[in-house]
Structures are given as C-alpha cells and as structure tokens.
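Inspection log for the structure reproduced underneath, given as structure tokens.
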There are 2 protein chains.
Amino acid sequence: MGQGAPMSPGTARAGTRRLRLDIGYDGTGFHGWAAQPGLRTVEGELARWIGRLARLGADAELTVAGRTDAGVHARGQVAHVDLPAGVAPEALAHRLRRVLPPDLVVHRIVGAPAGFDARFAALWRRYVYRLWDERSRPDPLMRGHVTAVGGVLDTAAMTGAGARLLGLRDFAAFCRRREGATTIRTLLECTAVRADDPCGTVELTVRADAFCHSMVRSLTGALVAVGTGRRPPEWIDEVAASTRRHGGVTVMPPGGLCLEEVGYPDEGALAERADRARAVRTLPPDDCCTTEG
Amino acid sequence: MGQGAPMSPGTARAGTRRLRLDIGYDGTGFHGWAAQPGLRTVEGELARWIGRLARLGADAELTVAGRTDAGVHARGQVAHVDLPAGVAPEALAHRLRRVLPPDLVVHRIVGAPAGFDARFAALWRRYVYRLWDERSRPDPLMRGHVTAVGGVLDTAAMTGAGARLLGLRDFAAFCRRREGATTIRTLLECTAVRADDPCGTVELTVRADAFCHSMVRSLTGALVAVGTGRRPPEWIDEVAASTRRHGGVTVMPPGGLCLEEVGYPDEGALAERADRARAVRTLPPDDCCTTEG
C-alpha cells in the first residue's frame with residue numbers, strides 16, 4: 001500500500017472478489033514494497049502484471065501485510081486484491097508464474113474468506129534477522145540474506161535482553177518517527193538461536209502485532225551490541241525508556257532481514273479483528289503501522 | 001589445477017609446508033575452478049591472492065579435490081598449496097578473509113597431515129543437485145542454487161533408478177568424452193529426497209570416488225526423466241549400457257549443482273590412498289578424473 005493510499009475497505013466492492021496472494025521475493029533488486037514512480041518495487045511489479053493479466057486497463061490496487069523497505073526480503077508476505085468476479089485465481093497464479101521475474105514469486109492465489117484484509121486482519125508479523133559471527137561458517141550462496149558481524153554472539157544473552165522488551169510498550173527508541181504515528185506495539189517474541197546447520201547462522205526471530213519503521217533492524221542492532229558483550233543486558237532498559245530514536249542503536253543493513261510469516265485469526269474472527277485494527281489505526285494518519293524496513 | 005598442469009607431488013618440497021584449504025563459493029560469477037587467462041575463476045582468484053599475501057612473487061600453485069565447471073557451486077571444496085614454511089596458516093586465513101570477494105570464502109587453512117593430497121588422497125566427492133518441481137514452493141532467495149523443473153518428481157522412483165547405477169562401472173553414457181581418459185568410476189550413493197523444509201526442495205545426493213566431466217548433471221537429467229514419469233526406471237539400464245554419451249540424457253544447468261563435501265581417510269592411511277589413486281590415474285593423461293561441471 002503506497003504512502004497516503006486510501007484505507008482498504010473491509011470487503012470487496014460489488015462485482016469484485018477479494019483474492020489473497022502469498023508472496024516471496026529477494027529484496028536485493030527492489031526499492032522495497034511500496035510502488036514509487038520510476039523505481040522498481042515489488043508492489044509496482046505485481047500491480048502492473050495483475051492489471052494486465054486481469055485486463056483492468058490500469059494497475060491493480062494491492063493491500064499488503066508488511067510494507068518491507070528497500071533490500072528487505074520476504075518468504076511469507078501476504079497481500080489482497082479485489083478483482084472482477086470473473087477472474088479465476090488459479091489461472092491468474094499460473095499466468096503470473098510465467099511472467100514474473102525470478103526474484104519475485106507468487107506462491108498461491110486463493111479466494112479470500114469473508115472479512116479478510118491482508119493488512120488489518122493480521123494478528124502478527126514474524127521477521128527473522130540472520131547473522132554470521134566469528135563462530136559461523138559463512139556460505140557464499142546465502143550471503144544475500146545474512147549479515148556478518150564481528151565478534152562472537154551470545155544467543156542466550158540476546159534472548160535474555162529481548163525478553164526485557166516483550167509486551168505492550170512504546171518502541172519510539174527503535175523507530176524512525178513519523179508525524180502523528182504511534183510507536184506503541186506489542187512485542188510477542190524476540191529470540192536468538194544458533195541454527196543447527198553447518199553454517200551456525202544466528203537467527204533472531206522477532207514477532208509483534210505490527211512494526212514501526214526500521215524496528216526489527218534497530219532491535220537487532222541493540223541485541224547484537226549485547227550479544228557481543230559491548231553492552232550489558234540492562235542497557236536495553238535504558239534504550240527502551242527513550243521517547244525518541246536512541247542514538248546508541250545501530251540500524252542493521254536490510255539484507256539480513258526477511259518477513260517470514262503473517263498470522264491471521266480463524267475465518268470466523270477475521271472481520272472483527274480487521275474492524276478493531278482499522279479503528280485503532282484510523283485515529284492519526286499511521287502509514288507505518290505494518291512497515292518494517 | 002589447470003588442464004595439463006603437472007601432477008601434484010605426494011609431499012611438499014623442501015623448505016615448504018603443505019596447507020589444506022577448505023573453500024566455499026557461489027559459482028555464478030566464476031568461469032569454474034580452473035585458472036584461465038582473462039577469465040574470472042576460483043583458482044585464479046585464490047592463486048593470485050595467496051601469491052601476494054605469502055609474497056611468492058607469483059601466483060600460488062593450488063591442487064584441488066573437485067574441478068568444478070562454470071556456474072557450479074561449492075560448500076565443501078578442498079585444495080592444498082605448498083608454501084614457504086614461515087607462512088602461518090591462521091594469519092593467511094585471516095588476511096584472505098579481508099581481501100576475497102563475497103562470493104568466495106576460505107573457511108579455514110591448516111597444516112596438512114603427512115601424505116595429504118587434496119586430489120589424490122580423496123576417497124570420495126559428494127555433490128547435491130537441488131530441484132524445485134510443481135510440488136515445491138520456490139524461494140527467490142535460493143534461486144541461484146536450485147533448478148526448477150516441470151511436473152512433479154517422484155523421489156522414490158529417482159532413488160530406485162539411481163540404485164541401478166551403484167558400484168563400479170563405465171559411466172561413458174553420462175560423461176563428456178576426453179581422449180585417453182577413463183570413464184570408469186565407483187558410484188557410492190545416489191539418492192533423491194524431498195527436503196523437510198517449507199520449500200520442499202528435492203535434493204539429489206550423488207557420491208562417488210571421482211567424477212568425469214558433467215557426470216552429476218547428466219545423472220540428474222536422466223533421473224529427472226524417471227522422476228517425472230517420462231521414462232520408466234529400466235530405461236536407466238539402457239542408458240548406462242551405452243559406451244558413449246547418451247543422446248537421450250539432458251545435461252542439467254550448472255546452477256543447481258553444489259560440491260558439498262570431500263571425504264579423506266584417517267591420517268595414517270592418507271599416503272597409501274594418494275599413492276594408489278595417483279598410480280591408477282597416471283596411465284593415460286586423465287585431467288578430468290576429479291572434475292564435475
């Protein structure tokens with residue numbers, strides 16, 4: 001959804017049917033999700049091709065769960081689009097597979113259940129930031145989605161520090177501020193583990209109801225400082241108490257970050273969830289509430 | 001080792017020490033392992049940097065376990081180099097990490113045990129060819145090292161057909177022929193499994209004492225034909241009986257192939273193994289005996 005785009009309505013307009021798209025992309029070659037004139041973006045690419053294949057006479061209008069920033073990847077991105085009822089989802093998916101570039105895949109397209117809204121019905125977004133430290137064995141084949149750091153990461157210390165941030169709080173210290181936008185979020189999970197693979201990649205999983213801009217990359221920067229011993233775990237409390245972006249926190253590069261999954265409630269609870277989220281977020285203009293970049 | 005390069009001696013020359021290098025690379029940007037004038041190759045890159053860092057006044061001379069072809073990747077490549085005894089392996093590894101491009105990593109450098117020869121002491125090479133079929137969920141982040149095929153792969157049928165090729169036999173049907181070079185190899189393992197990951201990637205593992213040119217890519221092509229039902233399993237016997245390259249076998253593209261591991265005997269048996277392998281392969285000029293591409 002582009003900045004300043006109209007709020008997505010709760011249901012498809014008459015004569016149209018809402019479709020759910022499950023999407024993956026290598027963010028390296030994209031200027032992020034949101035369509036921008038003259039720049040190659042994931043939304044721009046999808047909107048153009050869907051518009052053509054569905055013969056809309058214009059780009060399709062997409063609503064997305066997580067507006068990833070330039071260079072951020074996705075394996076489990078979700079979007080919806082309202083298309084003329086005659087457009088068959090399977091045929092559209094099949095045709096998209098033939099035309100989309102290799103760094104962008106639409107895994108499936110299905111008719112969305114009643115009340116489904118990719119953005120507002122989402123319960124949570126799960127991101128993973130992948131890191132190689134000096135105890136890892138970097139694999140050049142993975143280098144596009146893992147970031148190397150100096151020193152050795154203590155994953156238990158990182159998980160311990162992350163636990164201090166769980167729950168509902170103001171994440172202003174970790175966000176790029178936007179006029180009128182709230183930075184209050186509920187952090188549901190923040191755990192670092194060393195993967196049981198030959199590389200020993202450190203994976204930091206961060207799950208929240210929504211994210212403000214650059215939140216996961218800032219959280220990762222703060223936890224890397226703790227994990228390498230440069231900062232004590234208590235330092236996280238001092239950072240979190242800041243009511244504005246904290247200058248001591250490094251914003252990690254986008255290439256290590258991937259949107260892995262978006263969680264939705266069961267079908268029966270979709271509409272209620274979307275109405276609630278929409279109401280909360282309508283108060284001030286809050287374009288960034290599902291953004292991570 | 002370049003084509004026509006002299007056979008590597010069994011031990012390091014006086015005043016030098018043999019070092020073992022464990023190497024990984026993304027083959028996409030390389031014209032294969034072997035140094036070639038004017039082309040970017042893995043050997044060329046390593047030989048130049050090691051020559052500089054060890055102040056040899058010339059490129060270093062490397063001997064490799066598996067001479068991968070253009071576009072083929074490696075996670076577990078092994079090479080050796082004989083350097084002046086004063087060169088410390090840890091310091092060299094450290095300096096290489098700083099100068100090598102991101103698609104090439106030297107995981108470690110250690111003093112090689114007596115009798116070690118990266119090429120001739122190797123017991124086996126293990127390659128994996130990765131495939132996405134229509135039951136897979138292609139991940140754009142992995143696209144550089146997985147090849148997509150049409151249809152749905154029956155991994156049990158592929159493994160069954162592969163079992164028909166195990167043991168010592170002439171693999172001429174699967175090899176690009178070279179004058180005077182033997183195509184007799186011992187195939188130790190040939191198994192297809194669908195990975196238990198969200199992508200459902202089909203991984204074909206092929207392990208043999210050595211490989212002739214394009215052997216894994218041809219074997220994969222033949223087994224894909226069986227796996228998709230285009231050919232019956234018995235067809236493999238007909239192919240294998242051919243004394244020259246079989247025209248019905250597709251050579252798969254290099255990007256799906258990766259050299260994962262090279263196996264060596266225990267220290268005590270290294271020299272004996274190398275002497276035996278060297279004797280066997282000295283008869284005709286057989287540059288391709290450890291090659292896969």
Side-chain angles (χ1 to χ4, degrees), chain A residues 22-30 42 45-46 68 71-77 90 93-94 96-98 100-108 126 128 130 132 134-148 150 195-201 253 255-261, chain B residues 22-30 42 45-46 68 71-77 90 93-94 96-98 100-108 126 128 130 132 134-148 150 195-201 253 255-261:
Chain A
D22 288 84
I23 303 162
Y25 44 88
D26 176 343
T28 314
F30 291 104
V42 181
E45 197 82 24
L46 284 173
T68 51
V72 175
H73 317 295
R75 285 200 176 85
Q77 179 68 282
E90 303 76 19
H94 183 73
L96 274 177
R97 265 193 286 277
R98 295 170 161 261
L100 287 178
D103 52 355
L104 173 57
V105 171
V106 173
H107 295 303
R108 61 170 200 155
R126 180 167 62 84
V128 174
R130 293 182 172 81
W132 284 327
E134 288 171 13
R135 201 169 283 163
S136 305
R137 182 177 169 128
D139 177 358
L141 292 166
M142 309 288 188
R143 71 188 184 284
H145 46 116
V146 187
T147 294
D196 185 23
D197 64 23
C199 292
T201 307
L257 185 60
C258 186
L259 171 55
E260 296 287 340
E261 193 185 1
Chain B
D22 288 84
I23 304 161
Y25 44 88
D26 176 342
T28 314
F30 292 104
V42 182
E45 197 82 25
L46 284 174
T68 51
V72 175
H73 316 295
R75 285 201 177 83
Q77 179 68 283
E90 303 76 17
H94 184 74
L96 274 176
R97 264 194 286 279
R98 294 169 162 261
L100 287 178
D103 52 355
L104 173 56
V105 171
V106 174
H107 296 302
R108 60 168 200 157
R126 180 166 63 84
V128 174
R130 292 183 172 80
W132 283 326
E134 288 172 13
R135 200 170 284 164
S136 305
R137 182 177 171 129
D139 177 358
L141 292 167
M142 308 287 187
R143 71 187 184 284
H145 47 115
V146 187
T147 295
D196 184 24
D197 63 24
C199 292
T201 307
L257 185 58
C258 186
L259 171 55
E260 296 286 342
E261 192 184 3

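Chain A is the first sequence line, chain B the second, and so forth, proteins listed ahead of strands; every chain is numbered from 1.
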Open item on the list: Test of understanding: with side-chain hydrogen bond (donor to acceptor under 3.5 Å, both in side chains), list the residues that count as partners of B:R108, not counting sequence neighbours.
Closed with: B:D22

TODO: Evaluate the side-chain proximity of B:R97 to A:E134: yes if any heavy-atom separation is below 4.5 Å, no if none is.
DONE: no

TODO: Looking only at non-hydrogen atoms, find the nearest pair between A:L141 and B:H145 and report the distance.
DONE: O-NE2, 3.8 Å

Task: chain A contact via B:R143 - which portion, at a heavy-atom distance below 4.5 Å - done: side chain

Task: Residue A:R137 versus chain B: region with a heavy atom under 4.5 Å - done: both

Task: For A:E261, side-chain contact (heavy atoms from CB on, under 4.5 Å) partners two or more places apart - done: A:W124, A:R126

Open item on the list: Minimum heavy-atom separation for B:P102 and A:P140, please, with both atom names.
Closed with: O-CB, 3.8 Å

Task: Contact origin within B:C199 toward chain A - heavy atom pairs under 4.5 Å - done: neither

